[in-house]
Amino acid sequence: FFFFFFSFFYIWIENHETKRDASQEVSEHDSKIEDESCDLNYNIVSILQEMQRIYELMGDNWREFAYKRACGIVKMFPKKIETEADVALLLKTKGFSKKLGAKVLEIIQTGQLKKLNELKKLPQIEASNLFMGIWNQTSLCGNRGVGHQTVTQWYRLGYRTLDDVREKAALNERQKIGLKYYDDLRAKIPRCEVEEIEHFVKKEVMKIESECALVTCGSYRRGKAESGDVDLLITHPRAKKIVGLLEKIVDQLNKAGFLKDHFSLPSHKNKHAVDHHDTYMGICKLPDTADGRVYKYCRHLDIKVFPPAAFPFALLYFTGSDHFNRSMRYFAKKKGYTLSSYQLAPAIRLNNHKTHTGQPILCSSEEQVFEVLGLKYVKPCDRNNHEYFEFS
DNA sequence: CGGCGGTACTG
DNA sequence: CAGTACC
DNA sequence: GCCG
């Protein structure tokens, strides 16, 4: 009973803290500084971003990884980078070394990067550019079920425009929906609309299970002014209630006419597993309000339902960012643990293969996960970039 | 030189 | 199983 | 791409 009560109480606190923190974060300096710095070095960041995108298209995940990390480092840099001394300062940052330094130097001296211009001329990249418009953050490669393998295949098949793909390509469900809502999904979601989506879902969920707790994670929880999608994390203080809960929620939201299409529905596999959780991914649209407010866009909505014991880990995972999660998990690994979206456990590895996972370590809050790993707590608004966690 | 997160869905 | 996705 |  105490555990259930504690979980529920904790979640309640978390809900309210999240809201309060979030509103402070936008108005306070955190995100502002970042935006300003991003503007300060806008040219450098956008060129490095194009490099990242190209390597993503080429399937070179590790260069993509390194460039994304580098973008974060440049964004965080406190002043405009214009001299060799500035670049020297950049080079002191872990994750930013000679080759990237040379590229940044070239950018501040010439305003452009030869290597990028060459890569853009590659026929395949040029074609991808044509039918995906990757240079304006309108990439089809990324979150519409199309990766570098598909791009390469389409190129070999001679497709060169979006209409080629529409007419000739054999698309899977995910890709069809991606095309159907092509413009909608490109549009960013303002914080206030994220909140309204959360409110709508919460209202419907409460009709089914009034004890449910619901937290919006992702970039929203990290304090961003706009999000690409809405990530809702749901739990229930009683673990038994988790089974089949998401199906009921999806049914309810369907009845309300809120869901327009589905990427993936809650699976019926692994229902017996202790660590079981459910995922829904799809498209939603807020109804017009009585006072005449009209919502223009359909939005990408992800809902995850986790059992209460996994809640702190789920919250940590679902808040991200992707690079933050990877750095924390990498550190946990070096410390002899494995950290996932549902548990932290000792892990024994042989030649980098996980061979045994010990008893999970119970944590009742995000803070506790950091504590067990011997790390200083990092607030959601500071989880936007890659970190180098060190042994203390 | 090898390693760079852990997991879950579709087809 | 490969490919892509989630953060 | 970078790090150990």
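Chain letters run A, B, ... following the sequence lines, proteins first and then strands; every chain starts at 1.
- With sequence neighbours excluded, no residue forms a ring-ring contact (aromatic ring centres under 6.0 Å, His included) with A:F96.
- At a threshold of 4.0 Å, the pair A:K120-A:E126 does not count as salt-bridged, since none of the basic side-chain nitrogens sits closer than that to a carboxylate oxygen.
- Both A:N351 and A:S340 lie close to DNA chain B; mapped to their nearest nucleotides by heavy-atom distance, the more 5′-ward contact belongs to A:N351.
- With a 6.0 Å radius and a threshold of 12 heavy atoms from other residues, nucleotides or ligands, A:E84 has its CD atom at or below the threshold.
- A:K68 places its NZ atom 17 Å from the C1' atom of D:dC2, with the value rounded to the nearest Å.
- No more than 12 heavy atoms of other residues, nucleotides or ligands sit less than 6.0 Å from atom NZ of A:K99.
- A:S219 comes within contact range of no nucleotide atom at all, as no heavy-atom separation falls under 4.0 Å.
- Counting to the nearest Å, the P atom of B:dG6 and the OH atom of A:Y317 are 14 Å from each other.
- Between A:Y220 atom OH and C:dC7 atom P the separation is 16 Å, expressed in whole Å.
- Considering only side-chain N and O atoms, A:K354 lies nowhere under 4.0 angstrom from the phosphate OP1 or OP2 of B:dG6.
- One finds a side-chain N or O of A:K94 lying less than 4.0 angstrom from the OP1 or OP2 phosphate oxygen of D:dG4.
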Between side-chain atoms of residues 311-323 of chain A and protein atoms elsewhere (two or more places apart, or another chain), which donor-acceptor pairs fall under 3.5 Å?
residue: A:T319; atom: OG1; partner: A:R221; partner atom: NH1; Å: 2.8
residue: A:T319; atom: OG1; partner: A:L315; partner atom: O; Å: 2.7
residue: A:S321; atom: OG; partner: A:F324; partner atom: N; Å: 3.3
residue: A:S321; atom: OG; partner: A:R383; partner atom: O; Å: 3.0
residue: A:S321; atom: OG; partner: A:N384; partner atom: O; Å: 3.2
residue: A:D322; atom: OD1; partner: A:K68; partner atom: NZ; Å: 3.3
residue: A:D322; atom: OD2; partner: A:K68; partner atom: NZ; Å: 2.8
residue: A:H323; atom: ND1; partner: A:H386; partner atom: ND1; Å: 3.2

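- Regarding contacts with the backbone of C:dA5, every side-chain N or O of A:S264 stays at 4.0 angstrom or more from both OP1 and OP2.
- The distance between atom CZ of A:F389 and atom P of B:dC4, rounded to the nearest whole Å, is 17 Å.
- Residue-to-nucleotide contacts include no donor-acceptor pair under 3.5 Å from the side chain of A:Y388 to the base of D:dC3.
- The phosphate of B:dG5 has neither OP1 nor OP2 within less than 4.0 Å of any side-chain N or O from A:S327.
- Look at CG on A:L116: it is 12 Å from P on D:dG1, rounded to the nearest Å.
- Atom NZ of A:K376 has 12 or fewer heavy atoms from other residues, nucleotides or ligands within 6.0 Å.
- Checking D:dG1, C:dG3, C:dC7 against the side-chain heavy atoms of A:D302 singles out C:dC7 as nearest.
- Below the 3.5 angstrom threshold, one finds no donor paired with an acceptor across the side chain of A:D322 and the base of C:dC7.
- In summary, A:E106 and A:K103 do not engage in a salt bridge, as defined by a charged side-chain N under 4.0 Å from a carboxylate O.
- For A:R349, whose side chain is taken as the heavy atoms from C-beta onward, the closest listed nucleotide among B:dG6, C:dT4, C:dC6 is B:dG6.
- In this structure, NZ of A:K99 is placed 13 Å from P of D:dC3, rounded to the nearest angstrom.
- Within the 4.0 Å cut-off from OP1 or OP2 of B:dT7, at least one side-chain nitrogen or oxygen of A:Y342 is found.
- Between A:R174 and C:dC6, a side-chain N or O to OP1/OP2 separation shorter than 4.0 Å is present.
- Looking only at atom types and distance, the side chain of A:T338 has no donor-acceptor partner in the side chain of A:K333 under 3.5 Å away.
- For A:D251 and A:K248, the salt-bridge test fails: no basic side-chain N is under 4.0 Å from an acidic carboxylate O.
- A close approach under 4.0 Å does not occur between any side-chain nitrogen or oxygen of A:R326 and OP1 or OP2 of B:dG3.
- Checking A:L265 against A:Y337, the closest nucleotide of DNA chain B that is more toward the 5' end is the one next to A:Y337.
- Spacing between D:dG4 and B:dG5 at atom P, rounded to whole Å, works out to 14 Å.
- Among the atoms of the strands shown, none is found under 4.0 Å from any heavy atom of A:T279.
- Using a 4.0 Å heavy-atom criterion, one finds that A:R383 contacts no nucleic acid atom at all.
- Contacts of residues 59-67 of chain A with DNA chain B (heavy atom under 4.0 Å): A:W62, A:F65.
- For the OP1/OP2 pair of B:dT7 and a distance below 4.0 Å, the side-chain nitrogens and oxygens of A:N325 include no atom meeting the criterion.
- As judged by a 4.0 angstrom heavy-atom cut-off over every strand, A:Y55 is placed among residues touching the sugar-phosphate backbone only.
- Protein atom CZ of A:F313 is 12 Å distant from nucleotide atom P of B:dT7, rounded to whole Å.
- For the pair A:D261/A:Y181, a side-chain contact is recorded, criterion being any heavy-atom separation below 4.5 Å from C-beta on.
- As judged by a 4.0 angstrom heavy-atom cut-off over every strand, A:L339 is placed among residues touching the sugar-phosphate backbone only.
- Close to B:dG6, at under 4.0 Å from its OP1 or OP2, lies a side-chain N or O of A:K333.
- Here D:dC2 presents its P atom at 19 Å from CD of A:E387, a figure rounded to the nearest Å.
- Within the 4.0 Å cut-off from OP1 or OP2 of D:dG1, at least one side-chain nitrogen or oxygen of A:K103 is found.
- Considering only the side chain of A:S97, D:dC3 comes nearest among C:dG3, D:dC3, B:dG11.
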